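Within every chain, numbering begins at 1; the chains are lettered A, B, ... in the order of the sequence lines, protein sequences first and strands thereafter. Just so you know, these numbers come straight off a predicted model, no measurement behind them.
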Amino acid sequence: MTLLDLLLLLSLATGALAWLLGRWSGAGVLAALLYAGQLALLGAMDGSAAASPTFQVLGQTIAWSLDPFGRFFALITLGAAIASAWFMAGEWGRRYTQAGHSLRALHGALAINVLAMLLLLASTDLVSLFIGWELVSWAGFLLMAQGGAAAVRAALRYVTYAMGGAMAVLGGTVLAYAWTGTLDLGLLAERLPALEPGRLWLLVALFTGGFGVKMGLLPFHLWQAPAYAEAPGPGTAFLGAISSRMGLFAIALVLARLVTLEGLDGLQILPGQFGVRDLLAWVAAFTIVLPTFTALKQNDARYLLAWHGIGQGGYMLMGLVVGDAMGSAGGLMHVFNHATYQAALFLSVYAVIHRTGTADLNRLGGLVVRMPLSFLTMLVGIIGLAGLPPMNGFVSKWLIYRSLMTEGMPLLFVASVIGTLGTILSVYKLIHNTFLGQLRSEHEHIREAPWSMTGPMLALCAIVFVTGTAPGLVLGWVADAQAALGLPVLRYTLGGVASAKGGLDMLWIVGVLFGGFGVGALLFYGGGGRSRRVHQLDNYAGGHFLSADVRYQYSDNFYAGLMHRIGPLYRNAFTWLESALVSAVDLAALAMQGVYRQQAPAFLLLMTAVAGLAWVVL
Amino acid sequence: MDALNLALELILMPLVAFVVGLFMVLMMRKIAARIQRRVGPPLLQPLYDIIKLYGKQTQISHGLVHDIGIVMAVGGYVAAETLLPVPGMDGLADRGGLITLAYLMMIPSLGLALGVGQCANPNGSIGIARALTAMLAYDIPFVIVIFGVAWHYGTTNLADIIALQQAAGPGGWGAATMPLLALAGLFSVHAMLGKQPFEIYVAPAEIATGPMVEMGGKFLGGLFVMQTFQFYTAGVLYASLFLGGGENWLTFLVKAFAVVAIPMCIAFLFPRYRTEDLLKMIWKWPVLLGLAGLWLIMH
C-alpha cells in the first residue's frame, strides 16, 4: 500500500461517503475533513509517489505516479475542494436542499471531480493520461449540469467541445504511439524531440488543440463562461478555480516535458523569426485580451468572473511558453494564485446571491454596509485578480512581465498589461455595482452571510494575502514542479526573486505599502476635524436631494466612453465562427442522412454510376 | 547602521516628495496665472489650502470605505516614493523596480475609486468610470516606455538605470538615446497628471460632476496631498528614466520641475477632450511613437 494508493482510495471513499451521507446535515463538514485528509496524504509524499495497480495495454505497462508537478496541481485541487465543501456545509446546503436540489448529487459530483483530477495528474503514460482526461471531462459535466435548464444547455455545449478535444487528443496519442512505439511519458520525452518536424507539428497541434479546449484557449473558449457560471454555487468556485487548469497541466506536460522547449524551437514558421512558441504566445496574448474585455461587458457577476477565468489562463500559457525560469515559474504560480482569488471571488458572489437572490450587477449596490465580510473578500479577490500589490496575483504576473522584458518581447508584454488594465476596470465595476453606491430599499435589512460561508471566504483571503507577501511559500512548490518538468528552475527567496538586474522582495514592498497606509491613516484620522458619518441618502445629484425610492445607482453601461470607442470591435466573430462550423456539420449530416435513409436508391445509383465512370476512366 | 540608514531614507523620501510636490502645485498655479495674466497665489498657498481643508468644521463621511479610500490614495503614493531614488538615497529601488513602481502607482487610483464609490453619488461614479478609462488610455504608452527603458538598460532597477545614464553623460541620457520613447513618455505623463486636455475625469471646473463631488474637508485635503505626491512622482520618474536622474539635489530639482512644467505650459491653452476622444488621441499618437521608439532601440 503506497501513499498514492491511500490517497486514491481515500478519494474514492470520499466520493462514496458523499453520495451515501449527502443528505445528512454534517455531510459538508465530513467532506471537507476528508479532502483535508487527502491533502495531508499529499503533504506526506515526496519525490515521485507511485500507485501499486498497473495493467498492460499493447504490451505497455499503464501505471500511475504523482511527481512534484502533478502534486502542485493536486494541492490546488484539494484546496479548492475543501473551500467548496466547507461553503456548502451549513446554511447554503440547507437552502439548496429546500429549493428541491440534491445536495448529495452535488457533493458526489465534487468528489468524483477530485478523484478524476487526481488520476489525471498521476498519469505516467499516454493511456492513463487519456483515461484521466476523459474522466475529468465527464466529471466536469456532472458538476455543471446540476444548475437547472440554462446549466444543462451550457453543459451540453461543453460536452460537444470536450468530445472534439478528446478526439484530437486520442488522435495524437495513436500517432505518437505509431511513430515512437511507446506510450510511456519518460520514453516519449526521449523519442518525440527526434521526430521529423512535420510529424512533431501535427502532434503539437493535436495535443495543444485538444487540451486547449478544456483550458478555454482562443478560439475554443466560447463554452466556458456559461458552463462555469451556471453551475451551482460552490461548484462554480471549484470549476473556476481549478477545472480548466487541467488543460494547462496537460499542455505543460506535452510541451515542456515530452516535446521539450528545444524540440519546440525546432518548429519554425518563419525560420528564425516566428516559431511555434511565438504562435502559442500570441494565442495566449489573445486569450488574455479578448475574454478580459468581454468580461468588462458582462452584467452578471458570475459571467464576469468566468470570462476573467478564461483570460487569466492566457497568462499561465504565456509564462510557460516564454519558458525561462521566471516566466514558467510565473505561469505555474499563477495557477495557484488564480485558484485562490477566483474561488474567493465566486464564493463572495454566491454569498451575495444567497442573501439577495441575484447576481445581476444592475440590481445590486451599496451592500458593503450590510455584508462587510463579503465585501472584504471581494476586495482582496479583485486586487489579486487585477494583479496589484500586495496580493499574490501581482507576484505571478510580475514574474511573467519580467521574463517578457528579459526575453525582449515588447508586444506580448504590452498585451499582458492591457489585460491587467482591462481587468482593473472590470473588477471595479464588479465591486462598485455590488457593494458600493446606493443600497436598494429591498436590501435594507439583509444580514451578512453565515459563518459557514464567510469562513472559507476569509480563509482564502488570508492565503491570497500571505502568499502575496511571502511568495517564497508557493515558489518552493513551483520550483519543484519546474524541476519535474525539466524546465529551468527559478532561484527564489521568501520575498520573491533576487536578481542583479532588478529583483522583487514582497516582504519589503508590502511593508512599505502598509507603512504608507499607516501614514495615510495617521494624517486622516489624526489630523483635522472629526468627520460626521451621514446616511447614504444624505446626498444629492443634479441639484436634487435623493430619496430611497429614487434609483440613482450608476451601473448600466458603466464604461460608456470606452465602449463608445471599442464597442464596434465586438462583432461576435467567434460566435459566428462557431455557428458556421455547426452549419457545416449540419449540412454534412443532412447529406449522410440522405445517403442512408431518404433517397437511398437514387443516391446509390448515382454513387454506382460515379464509381463506374471512375473505373472506366482510370 | 545600514538598517538605520534605510529606515531614515524610508522616512525622508516621502517627506521630500511632499515638500517638493507642494512647490510643484504652486508652480502649476503660477504658470496658469501668468498665462491668464494674473499674479497667482503666494508661496505657501498650497500648504494653507491643505491646513484649511483639514481644519474645516464640516467633515462629511459616507462610511468606512470612504475614509479608507483616502487613506489608500495617500498611502499608495507614500509607499511608491520609497521606490523612487533621489540623490544620495536609493530606498527600496533594488527590491521593487520599475514594474512594481508602476503598479504601486495604480493603488491610489483604486483607493480613490473605492472611496468615491462608497459616496453613492452617481456623478462621482461616472467620474471614476472616466478616470479608470483614462488610466487604461495613458498606461498603455506608459508601459511601452517602461519596457523600452528597461530593455535598453538591461535592468528594472531604477537606481541602476540612473547610474548608467549618469556614467554616460548627457549624451547617454534616455532622452538622447531614445527620443521617441521620451516623447511618448511625456505624453503619458501629461495625461497621468490629469491636466487639460485630459482632465475630463477630474472635471475641476464643475466640481459637482466629477469624482470629487462628495469630497469636502479633509477628504479633499487628503486628495490634495495625493496630488502633490502625484506631481512629484511623475516628474521624478520621468527625470530618472530619460534625464539621468539627479547628480545632486540642484540638478535633480531643476529636472523634476522642468518635467512637470512642460505639460503645465501646454495644458492651460487647451479645452478638454471627451473620454472617447481622449482614448483615440492617446491610443494613436503616443502609442505609435512609443512602438516606433521601441522598434528603433531593439533593431
Measuring heavy-atom distances to chain B, does [X] have an atom under 4.5 Å in its side chain, in its backbone, in both, or in neither?
X: Ile566(A); answer: side chain
X: Ala498(A); answer: neither
X: Val368(A); answer: side chain
X: Thr420(A); answer: side chain
X: Ile382(A); answer: neither
X: Arg402(A); answer: both
X: Ile431(A); answer: side chain
X: Leu522(A); answer: neither

Please look at [X] and chain A and tell me whether the side chain, the backbone, both or neither of the residue comes under 4.5 angstrom of a heavy atom of that chain.
X: Val65(B); value: side chain
X: Lys280(B); value: both
X: Leu136(B); value: both

Atom of Met215(B), atom of Val116(B) and distance for their closest heavy-atom approach: CE-CG2, 3.6 Å

Minimum heavy-atom distance between Ser396(A) and Asn337(A), given as atom pair plus value: OG-ND2, 2.9 Å

Within the side chain of [X], is there an N or O that forms a donor-acceptor pair under 3.5 Å with the backbone of [Y]?
X: Tyr315(A); Y: Ser416(A); result: yes
X: Ser188(B); Y: Ala184(B); result: yes
X: Gln118(B); Y: His62(B); result: yes
X: Glu276(B); Y: Ala560(A); result: no
X: Lys397(A); Y: Leu385(A); result: yes

Looking at [options], which one has more heavy-atom pairs under 4.5 Å with chain A than the rest?
options: Gly216(B), Gly96(B), Gly97(B), Gly221(B); value: Gly96(B)
options: Thr275(B), Leu110(B), Ile60(B); value: Ile60(B)
options: Tyr54(B), Phe147(B), Trp151(B); value: Phe147(B)
options: Gly76(B), Ala150(B), Gly222(B), Gly63(B); value: Gly63(B)
options: Gly91(B), Gly111(B), Ala113(B), Ala93(B); value: Ala113(B)
options: Leu10(B), Leu53(B), Leu64(B), Ile51(B); value: Leu64(B)

Among the listed options Phe435(A), Tyr428(A), Trp398(A), the residue most often paired with chain B at heavy-atom distances under 4.5 Å: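 Ranked by heavy-atom pairs under 4.5 Å with chain B, first place is Tyr428(A).
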
Mutual orientation of the aromatic rings belonging to Phe413(A) and Tyr401(A) [parallel < 30°, tilted 30-60°, perpendicular > 60°]: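 Geometry flag for Tyr401(A) against Phe413(A): perpendicular rings.
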
Phe514(A) and Phe517(A) aromatic ring geometry - parallel, tilted or perpendicular at 30°/60° bounds: perpendicular

Salt bridge flag under 4.0 Å for residues Arg533(A) and Asp67(B):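 Result for this pair is yes, salt bridge flagged.
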
Candidate pair Ser374(A) and Glu448(A), rule side chain to side chain donor-acceptor pair (under 3.5 Å), full reasoning: CA-CA 7 Å; Ser374(A) 306; Glu448(A) 177 59 273; 2.8 Å; yes

